[in-house]
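Following: one structure in structure tokens, then a few remarks.
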Number of protein chains: 2
Amino acid sequence: MRAYRHPASGEIELTRVLYALSDPVRLDVARQLHRDGEATCAALDRGRPKSSMSHHFRVLREAGVVRTRIEGATHVNSLRRDDLDALFPGLLDVVLRERQRV
Amino acid sequence: MRAYRHPASGEIELTRVLYALSDPVRLDVARQLHRDGEATCAALDRGRPKSSMSHHFRVLREAGVVRTRIEGATHVNSLRRDDLDALFPGLLDVVLRERQRV
DNA sequence: ACGGTTGTTCGATAACTACCGAACTGGCAC
DNA sequence: GTGCCAGTTCGGTAGTTATCGAACAACCGT
């Protein structure tokens, strides 16, 4: 598979980011990426079907929350920390805090 | 009309807040409330139909973003700044900043 | 080339959401 | 009470989204 299209930093829209993070599954993915740095799709599925997770990763990716790098047969995801912190300083800090009700 | 049911501070869920703010119309409402302190529904409609605005206010209210106080025939809305700042410190600060793309 | 693994795409369904006109409710002033 | 005003609720429609199985594509090791 060829590399994904990711939105450039200047194309990232706040409402899309908020929407992407407003789903418990996707918020959980973001938090795990925050904890673990990066992870493959399979490492984050929590038993959910692959097709469902693929959908959620697409939403996160197209919103600009996550970057997916292809490494052989696996897709390695990471948070776009730098871009998001620059655009929306403090947003990830509060959203990714564990221990708070989702 | 009788007073609305608002979620208690402890019932406010992050994902619902994010969802409520992920709509450009509702985000705009929140920003105007931030600027103006409080406002009636009619003052925030920007020409949209009343029934549409009523829907958006309901989403904001049930997510815990807005509190609606009934004052005679008008409904006065205000941001739940204190509750949201306590629960999700920094969230409103970044989301309500004008000048950034929605 | 084959088999196993990783993840995407397709297709279908169910649930939800936005939108708006029309009818309605409650408050206020006269 | 009559009329007006502020908002809500209802009903319907159109568009979106979540979900998941099944089929598919790409990569890797043997």
Winner on side-chain proximity to B:R58, out of C:dG7, D:dG7, D:dT9, is D:dT9
When all nucleic acid strands are considered with a 4.0 Å heavy-atom cut-off, which category describes A:S54: base, sugar-phosphate, or nothing?
-> base
**Prompt:** Distance-only, no hydrogens or angles: does the A:S54 side chain make a donor-acceptor pair with backbone N or O of A:S51 under 3.5 Å?
**Reply:** no
Expected string for nucleotides 18-24 of chain C under the B/S/- scheme (protein heavy atoms, under 4.0 Å, primed atoms plus P, OP1, OP2 as sugar-phosphate) is SSBBB--
(Q) Checking the side chain of B:H6 only, and the main-chain atoms of B:T68 only, is there a donor and an acceptor separated by less than 3.5 Å? (A) yes
C:dG7 OP1/OP2 closer than 4.0 Å to side-chain N/O of A:Y4 = no
B:F57 CZ to D:dT8 C1', in whole Å, measures 13 Å
In whole angstroms, the gap separating C1' of C:dT8 from CE of A:M53 amounts to 14 Å
Atom CD of B:E62 and atom P of D:dT8 are separated, to the nearest Å, by 11 Å
Notebook entry, point to check: Do A:F57 and A:L84 share a hydrophobic cluster (ILVMFWY, side-chain heavy atoms under 4.5 Å, transitive)?
Noted result: yes
Practice item. Could you check whether the rings of A:Y19 and B:Y19 sit parallel, tilted or perpendicular, using 30° and 60° as the cut-offs? Key: tilted
Separation of D:dA25 atom P from A:I70 atom CD1, nearest Å, is 16 Å
The answer to which of B:E71 and A:N77 contacts DNA chain C further toward the 5' end, by nearest nucleotide, is A:N77
#### Entry: Side chain B:E62, main chain B:V59, donor-acceptor under 3.5 Å
no
Separation of C:dG7 atom C1' from A:L44 atom CG, nearest Å, is 13 Å
Give B:R69 one of three labels, base, sugar-phosphate or nothing, depending on what nucleic acid heavy atoms sit under 4.0 Å from its own. nothing
Phosphate contact (D:dT8 OP1 or OP2) by B:R61 side-chain N/O below 4.0 Å: yes
- Is the side chain of A:D36 donor-acceptor paired with the backbone N or O of A:E38 at a distance under 3.5 Å, no angle test? no
Between NE2 of A:H75 and P of C:dT6 the distance, given in whole Å, is 11 Å
Review point. With no hydrogens and no angle check, is any side-chain donor or acceptor of B:R31 less than 3.5 Å from a backbone partner on B:V95?
Key: yes
